[in-house]
Undergrad: 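Have a look at the structure that comes next, please.
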Amino acid sequence: MALLLAVSVMATLAPALGAAPAAAAGPLDGYTRQKPEWQRCAPDQPASFQCATIEVPLDYRRPGGTSIGIAISRIKATDDDKRRGVLLFNPGGPGVPGLDMPLSMTQTLPRSVRNRYDLIGFDPRGVAKSTPVTCGSTPGEQQFPRPYKKEGFAGDVEWARTVADKCRAEYGDSLQHFTTRNTARDMDVIRAVLGEKKINYLGYSYGTYLGAVYTQLFPRRSGRMVLDSAVDPGIVWRGMIQSWAREAEPAFKRWAKWAAARHETYGLGDTPAEVGKAFYDIVAQADREPVTVGATPLNGDQLRERMRPRFFSVKGASDWVVHLKNAAAGKPTPELEWFQGTDAELSAFLAVACGDANWPKNPETYRRDAIRDKARYPLYGDAVSNIMPCAFWDRNAERATEVDNPVGALIVQAEWDSQTPLTGGVAMHRAMKGSRMITVDEAETHALYGRGISDCADRLITSYLTAGGLPAGNATCAVNPAPTTPERAESPGLPTPKAFFSAPGR
């Protein structure tokens, strides 16, 4: 994805880089006046789904320097008479491709939205077809977060240093330009290239932060902004990762209470304390000798890691703890599936997570915090506070963006979201003073709009996108009465989750 700004452009990236477009009156005019060469995205995809590549500056402080390619896509509005602009998407991440979103969202968005907007997708800088970042990490190096162990901490420090060094060796100073702030600037170039005065936007998960940063940098160019499953913009990114552990504890307590009330069904204990002990007894057994779940031996740390997001769904967690109990007794069970990242996904994630904000540099800070948070948040506190490659990242080119503006936006949040907790949505609403917030009561999901989770929330969002005007006040919606089926949970309108803050979550 990136390259050194002077003569030492990496050979692997050279085809994706180029000189800046011909200069015009303003420093960015050569970019904003580009004419995309639209063509069919792929032979097996509809002709109406068009793709192009545009150029943007690697470093917006030096727009006359190196440029990089950004892949964009579109499906035009279905009713020219009702068209009101473009609707740009981001599926989450950082590190998740978004180029195919217009095509997938045609299966999800109501006709009233498709009538009015050209649907616009793009791969953010550093991702997939937009000058991808690949640092060369091995499969073993792609495992994170890493639970803290006193005897293993020196190895964790070496892992973090090695991954950071690989990225630095591959990209040098250019790596500092693959940030949320610059992706927001890329969005504004996309806006200009499309000939639009404003961007209308639907961002999920990490995409809520990206959208919020855009409103901070370009408030007058921000149209109707929907931020679905929001992060807390004040704690990017170490604090956001740490929030997984903090918010897992009330979810765990809620689950234990629910399962205790159904002891006859699950047999995990008839008090919350007994239910919680049933799970931690399995963890302790797995720490002594791995428990085989499906065909995979898992130790206690791996069980904690894989179960953390599942505790936000009381029934799902109960079913899985029963499976784990059976596995601990040597009985056959299903596989406890888990996300396995790739070098490209980890590299793009780290470029943003480490590049957006400065992280502590002293390994001792991470060791101390991991010990403290294991005691505070036993399910996952040690893992999310342990050391990361960001500890060995170079200093950032810019400060983290402080989101604090009156731009109107609609923030949508599930009450029990495992990836972007409700507290993040509340914080985003507080930072964006012109926003309204929809909370879906008792919803156990990550990403809401277009997934059939809450008809009430869908109606409010659709009304905002089509008719304009935010709700008069914040709203609380009910989750749909029917249980979420696998088909609903994996709506074709959203990508299969592949990265760290992505819709629909994992």
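It should be emphasised that the depicted structure is a prediction, and the values quoted were computed from it without experimental measurement. What's counted below: heavy atoms across the whole structure, side chains too, no hydrogens, waters or symmetry copies.
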Undergrad: Once rounded to the nearest 0.5 Å, what's the spacing between atom OG1 of Thr106 and atom CE of Met101?
TA: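 Taking OG1 in Thr106 and CE in Met101, the distance rounds to 11.0 Å.
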Undergrad: Check whether the side chains of His446 and Ser418 place a donor and an acceptor atom closer than 3.5 Å, and report yes or no.
TA: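 Short answer, no.
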Undergrad: With rounding to the nearest 0.5 Å, note down the distance linking CD1 in Ile235 to OG1 in Thr423.
TA: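 Interatomic distance, Ile235 CD1 to Thr423 OG1, rounded to 0.5 Å: 7.0 Å.
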Undergrad: Using the side-chain hydrogen bond (donor to acceptor under 3.5 Å, both in side chains) criterion, which residues pair with Ser112? Sequence neighbours excluded.
TA: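 Testing Ser112 for side-chain hydrogen bond (donor to acceptor under 3.5 Å, both in side chains), a comparison that skips the adjacent residues, returns none.
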Undergrad: Which residues satisfy the side-chain hydrogen bond (donor to acceptor under 3.5 Å, both in side chains) test with Glu335, sequence neighbours excluded?
TA: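 side-chain hydrogen bond (donor to acceptor under 3.5 Å, both in side chains) list for Glu335, sorted by chain: Thr296.
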Undergrad: Taking salt bridge (charged side-chain N to carboxylate O under 4.0 Å, His left out) as the test, write out the residues that go with Lys315, two or more places apart.
TA: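 Partners of Lys315 by the salt bridge (charged side-chain N to carboxylate O under 4.0 Å, His left out) criterion, ordered by chain and then number, come out as Asp319.
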Undergrad: What pairs of residues pass the disulfide bond (SG atoms under 2.5 Å apart) test when at least one of them lies in residues 224-274, not counting sequence neighbours?
TA: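 Residue pairs with at least one partner in residues 224-274: there are none.
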Undergrad: Please tell me whether Tyr214 and Tyr201 form a close aromatic pair, meaning their ring centres lie under 6.0 Å apart.
TA: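 Tyr214 vs Tyr201: aromatic centres not under 6.0 Å.
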Undergrad: Could you check if a side-chain atom of Asn90 sits within less than 4.5 angstrom of a side-chain atom of Pro124, using non-hydrogen atoms only?
TA: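 Asn90 reaches Pro124 side chain to side chain.
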Undergrad: Strictly by side chain to side chain donor-acceptor pair (under 3.5 Å), give each pair with a member in residues 397-407 just once, sequence neighbours left out.
TA: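 Sorted pair list: Arg181-Glu398, Arg181-Thr401, Arg185-Glu398, Thr215-Asn405, Gln216-Asn405, Asp404-Lys433.
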Undergrad: Between Ser229 and Gln413, does any side-chain donor sit less than 3.5 Å from a side-chain acceptor?
TA: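 No pair is found: no donor N or O on one side chain lies under 3.5 Å from an acceptor on the other.
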Undergrad: Does the side chain of Lys361 reach to within under 4.5 Å of the side chain of Arg395, using non-hydrogen atoms?
TA: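 Heavy-atom side-chain distance check passes, below 4.5 Å.
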Undergrad: Just by distance, with hydrogens left out, do Thr445 and Arg451 show a side-chain donor and acceptor under 3.5 Å apart?
TA: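 Arg451 and Thr445 do have a side-chain donor-acceptor pair below 3.5 Å.
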Undergrad: Decide, yes or no, whether a salt bridge links Asp123 with Lys129 under the criterion of side-chain N to carboxylate O below 4.0 Å.
TA: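 Not counted as a salt bridge, because no side-chain N and carboxylate O are separated by less than 4.0 Å.
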Undergrad: Could you walk me through whether Ile438 and Ile461 satisfy the side-chain contact (heavy atoms from CB on, under 4.5 Å) test, starting with their C-alpha distance in whole Å, then the side-chain angles of each, then the deciding distance to 0.1 Å, before giving a yes or no?
TA: CA-CA 9 Å; Ile438 302 171; Ile461 299 166; 4.2 Å; yes
Undergrad: Could you grab the distance from atom CD1 of Ile120 to atom CG of Asn200, nearest 0.5 Å is fine?
TA: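 Reported to 0.5 Å precision, the distance equals 10.5 Å.
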Undergrad: Can you check salt bridge (charged side-chain N to carboxylate O under 4.0 Å, His left out) on Asp382 and Arg304, steps first, answer last?
TA: CA-CA 11 Å; Asp382 57 327; Arg304 288 190 293 122; 3.0 Å; yes
Undergrad: I'd like to check Leu422 versus Thr439 (side-chain heavy atoms, cut-off strictly below 4.5 Å). Are they in contact?
TA: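 Of all side-chain heavy-atom pairs linking Thr439 with Leu422, at least one is under 4.5 Å.
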Undergrad: For a quick check under 3.5 Å, do Ser385 and Asp373 share a side-chain donor-acceptor pair by atom type?
TA: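 Present: a donor and an acceptor within the cut-off.
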Undergrad: Begin with the C-alpha distance, continue with both residues' side-chain angles, and end with the deciding distance and a verdict on side-chain contact (heavy atoms from CB on, under 4.5 Å) for Val113 and Leu87.
TA: CA-CA 9 Å; Val113 174; Leu87 181 60; 3.9 Å; yes
Undergrad: Got a sec, which residues hit salt bridge (charged side-chain N to carboxylate O under 4.0 Å, His left out) with Asp281, two or more places apart in sequence or on another chain?
TA: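 With neighbours one apart ignored, the set is Lys277.
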Undergrad: Working note: Thr420 + Asp417, criterion side chain to side chain donor-acceptor pair (under 3.5 Å); need CA distance, chi angles, decisive distance, verdict.
TA: CA-CA 6 Å; Thr420 53; Asp417 183 333; 2.9 Å; yes
Undergrad: Going by the side-chain contact (heavy atoms from CB on, under 4.5 Å) test, name the single residue among Val412, Leu465, Thr108 that passes it with Tyr449.
TA: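 Among Val412, Leu465, Thr108, the one that satisfies the side-chain contact (heavy atoms from CB on, under 4.5 Å) with Tyr449 is Leu465.
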Undergrad: Ring centres under 6.0 Å, that's the criterion: do Trp237 and Phe349 meet it?
TA: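 Centroid separation for Trp237 and Phe349: 6.0 Å or greater.
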Undergrad: Determine, stepwise, if the pair Val157 / Tyr366 fulfils side-chain contact (heavy atoms from CB on, under 4.5 Å).
TA: CA-CA 10 Å; Val157 172; Tyr366 296 89; over 6 Å; no
Undergrad: Using a 4.5 Å cut-off on heavy atoms from C-beta on, say whether the side chain of Arg146 contacts that of Trp159.
TA: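 Heavy-atom side-chain distance check passes, below 4.5 Å.
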Undergrad: Could you pull out all residues at least two apart from Pro378 that satisfy side chain to side chain contact (heavy atoms under 4.5 Å, CB included)?
TA: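 Applying side chain to side chain contact (heavy atoms under 4.5 Å, CB included) to Pro378 gives Glu249, Tyr280.
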Undergrad: Indicate yes or no: at least one non-hydrogen side-chain atom of Glu444 is less than 4.5 angstrom from one of Arg254.
TA: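 Glu444 vs Arg254: side chains touch.
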Undergrad: Decide yes or no for Phe144 and Leu346: does some side-chain heavy atom of the first lie under 4.5 Å from some side-chain heavy atom of the second?
TA: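 They are in contact (side-chain heavy atoms under 4.5 Å apart), so the answer is yes.
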Undergrad: Checking side-chain contact (heavy atoms from CB on, under 4.5 Å) for the pair Arg459/Thr462: CA distance, chi angles, key distance, verdict?
TA: CA-CA 5 Å; Arg459 283 193 299 270; Thr462 298; 5.9 Å; no
Undergrad: Closest heavy-atom contact between Arg310 and Ala317?
TA: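 In this case the closest contact between Arg310 and Ala317 is O-CB, 3.3 Å.
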Undergrad: Does atom CD of Glu337 have more than 12 heavy-atom neighbours from other groups under 6.0 Å away?
TA: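 No, the 6.0 Å shell around CD holds no more than 12 heavy atoms from other groups.
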Undergrad: For the CG atom of Asp455 and the CG atom of Leu460, what is their distance to the nearest 0.5 Å?
TA: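 Separation between the atoms: 11.0 Å.
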Undergrad: Go through the steps for Lys166 and Asp343 under the test salt bridge (charged side-chain N to carboxylate O under 4.0 Å, His left out), then give the verdict.
TA: CA-CA 11 Å; Lys166 285 185 175 183; Asp343 175 50; over 6 Å; no
Undergrad: Looking at residues at least two apart in the chain, or sitting in another chain, which of them share a side-chain hydrogen bond (donor to acceptor under 3.5 Å, both in side chains) with Asp156?
TA: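 Per chain and number, Asp156 pairs via side-chain hydrogen bond (donor to acceptor under 3.5 Å, both in side chains) with Asn386.
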Undergrad: Write down the atom of Val407, the atom of Pro219, and the distance for their closest heavy-atom approach.
TA: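 In this case the closest contact between Val407 and Pro219 is CG2-CB, 3.7 Å.
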Undergrad: Do Val479 and Asp441 make a side-chain contact, defined as non-hydrogen atoms from C-beta onward lying under 4.5 Å apart?
TA: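 They are not in contact (no side-chain heavy atoms under 4.5 Å apart), so the answer is no.
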Undergrad: I want to check a possible cation-pi pair here: Arg125 against Phe178, using under 6.0 Å from ring centre and within 45° of the ring axis as the test.
TA: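 That pair qualifies as a cation-pi contact.
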Undergrad: Is a side-chain donor-acceptor pair under 3.5 Å present for Thr180 with Asp356?
TA: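 Looking only at side-chain atoms, Thr180 and Asp356 do form a donor-acceptor pair, the distance falling under 3.5 Å.
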Undergrad: Rounded to the nearest 0.5 Å, how far does CD of Gln285 lie from NZ of Lys325?
TA: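 The CD atom of Gln285 is 11.5 Å from NZ of Lys325, to the nearest 0.5 Å.
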Undergrad: Do Val163 and Gln142 have side chains that approach each other closer than 4.5 Å (heavy atoms only, starting at C-beta)?
TA: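 With C-beta onward as the side chain, the pair stays apart.
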Undergrad: Would you mind listing every disulfide bond (SG atoms under 2.5 Å apart) that reaches into residues 346-422, with sequence neighbours excluded?
TA: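 Passing the test, one end in residues 346-422: Cys354-Cys390.
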Undergrad: A quick test of your reading: do over 12 heavy atoms of other residues, nucleotides or ligands sit less than 6.0 Å from NZ of Lys253?
TA: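 No, NZ of Lys253 has 12 or fewer neighbouring heavy atoms, counting only those of other groups under 6.0 Å.
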Undergrad: Quick one: ring pair (Phe, Tyr, Trp, His ring centres under 6.0 Å) partners of Tyr266, sequence neighbours excluded?
TA: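 Once residues adjacent in sequence are excluded, the partners of Tyr266 under the ring pair (Phe, Tyr, Trp, His ring centres under 6.0 Å) criterion are Trp258.
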Undergrad: Any donor and acceptor pair, going by atom type alone, linking the side chain of Glu141 with main-chain N or O of Thr138 inside 3.5 Å?
TA: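 Confirmed, Glu141 side chain pairs with Thr138 backbone.
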Undergrad: Is there a donor in the side chain of Thr183 and an acceptor in the side chain of Asp186, or the other way round, less than 3.5 Å apart?
TA: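 Result is no, nothing qualifies.
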Undergrad: State the CE-CD1 distance between Met428 and Ile411, to the nearest 0.5 angstrom.
TA: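 Spacing of CE (Met428) from CD1 (Ile411) equals 6.0 Å.
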Undergrad: Got a sec, which pairs hit ring pair (Phe, Tyr, Trp, His ring centres under 6.0 Å) with one end in residues 306-329, sequence neighbours left out?
TA: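 Output for this query lists Phe252-Phe311, Trp255-Phe311, Phe279-Phe311, Trp320-His323.
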Undergrad: Give me each pair satisfying ring pair (Phe, Tyr, Trp, His ring centres under 6.0 Å) with a member in residues 391-420, each pair once, sequence neighbours excluded.
TA: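 Sorted pair list comes back empty.
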